[in-house]
Amino acid sequence: MKIGVVTFPGTLDDRDAARAVRLAGGEAVSLWHADTNLHKVDAVVLPGGFSYGDYLRCGAIAAQAPVMESIIKAAKGGLPVLGICNGFQVLVESHLLPGGLIRNEHQHFICRDQKLIVESNTTAWTNQFSLNEEITIPLKNGEGGYIATDETLKRLEGEGLITFRYKEVNPNGSMNDIAGLRNERGNVVGLMPHPEHAVEPGFGPDTKIAMRSGVDGLKFFTSVINSLVNA
Ligand SMILES: NC(=O)CC[C@H](N)C(=O)O
C-alpha cells in the first residue's frame, strides 16, 4: 500500500511519519506541497511541524498549498487522511474537520508523554485499537487548544466524532478534553499528539509512564493498511 507523506516548507516530522509507514508494512511516498497530483497513493499523512513558519495561524497557509486542493477533493471521496499535530491544524484550516486550534491555555509550548483514550475504533486509522483503550504517545505543540461552538461540540459528542480524549491531564485547555477527531465517514482523522514518534521500542514515550512497550503509535499505521486491504 502506498501512503503519501506530505512535506510543506517547515514540516518537521515527515521522516518519522515515513518510517512509521514502513514499519507498519506500507510504502511511503513523498508528496511535496507544490504537487498537483497525489501520485496514486492509497492514503495520505499530513505530518507535524511548523509549516510556513506558523505564520498567521498554524496550518492556515498550508491549507492553501496546491497539494491540499487534491487532498481535500480526495478526502471528500473517501481517501484515508491522517493529520498529526500541524497536520491536524491543516485539516481544521481546510474545513475537513470542524472547530479550531488556538494557543495552549498556559501560553507555553508543551512537550510531554500524553495519555489518551481511544473513543472511536471504526475509522481507517484506529481500527486496530480497542474501544476506550488507553494509549500513551508524545505531545509537542504551541497551538493545541481545541475550540468549537456549543453547537459543534454537541454534534461531535452526539455523533461519536471525538476519536481521542486526553486522560488524567488536559495539557492545553482543549474543550471537552478533545485530543483528536474523525469525520462522519471515518476516513479523515486528526489529532494533536504524535503517533509517529511511538513506533519503535526505546524511541517513544518513557515506558515507565506508558506502562507498555511505547509503540502505541504503530497501530495508526497498521490500521490504515488493514482498512485498505479489506476495502
Ligand atoms: N509538533 C507540531 O506539529 C507543532 C504544530 C505547531 N507548529 C504548533 O506549535 O502548535
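For ligands, and for the atoms within them, numbers begin at 1 and follow the listed sequence. Keep in mind that the numbers below use all heavy atoms, side chains included, and drop hydrogens, waters and symmetry copies. This one's a predicted model, so the numbers in the text were calculated from it and none came from an experiment.
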Phe8 and Tyr52 aromatic ring geometry - parallel, tilted or perpendicular at 30°/60° bounds: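 Ring orientation of Tyr52 relative to Phe8: tilted.
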side-chain hydrogen bond (donor to acceptor under 3.5 Å, both in side chains) contacts in which one or both residues fall within residues 40-51, not counting sequence neighbours: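 Of all non-adjacent pairs touching residues 40-51, those that pass side-chain hydrogen bond (donor to acceptor under 3.5 Å, both in side chains) are Ser51-Asn86.
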side-chain hydrogen bond (donor to acceptor under 3.5 Å, both in side chains) pairs, two or more places apart, involving residues 56-76: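 Qualifying pairs, neighbours excluded: Arg57-Glu93.
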Gap separating the CG atom of Asn187 from the CG atom of Leu82, nearest 0.5 angstrom: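 These two atoms lie 11.5 Å from each other.
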Output, or 'none' if empty, a list of ligand 1-protein atom pairs in which both atoms are N or O and the distance is under 3.5 Å, rounded to 0.1 Å.
| from | atom 1 | to | atom 2 | distance (Å) |
| --- | --- | --- | --- | --- |
| ligand 1 | 1 (N) | Lys140 | O | 2.8 |
| ligand 1 | 1 (N) | His194 | NE2 | 3.2 |
| ligand 1 | 3 (O) | Gly49 | N | 2.7 |
| ligand 1 | 3 (O) | Gly49 | O | 3.4 |
| ligand 1 | 3 (O) | Asn86 | N | 3.1 |
| ligand 1 | 7 (N) | Gly49 | O | 2.9 |
| ligand 1 | 7 (N) | Asp54 | OD1 | 3.1 |
| ligand 1 | 7 (N) | Asp54 | OD2 | 2.7 |
| ligand 1 | 9 (O) | Gly142 | N | 2.8 |
| ligand 1 | 10 (O) | Gln89 | NE2 | 3.1 |
| ligand 1 | 10 (O) | Gly142 | N | 3.0 |
| ligand 1 | 10 (O) | Glu143 | N | 2.8 |

Over 12 foreign heavy atoms within 6.0 Å of CD, Glu151: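 No, the 6.0 Å shell around CD holds no more than 12 heavy atoms from other groups.
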Set of salt bridge (charged side-chain N to carboxylate O under 4.0 Å, His left out) partners for Arg165, sequence neighbours left out: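 Arg165 satisfies salt bridge (charged side-chain N to carboxylate O under 4.0 Å, His left out) with Glu119, Glu157 only.
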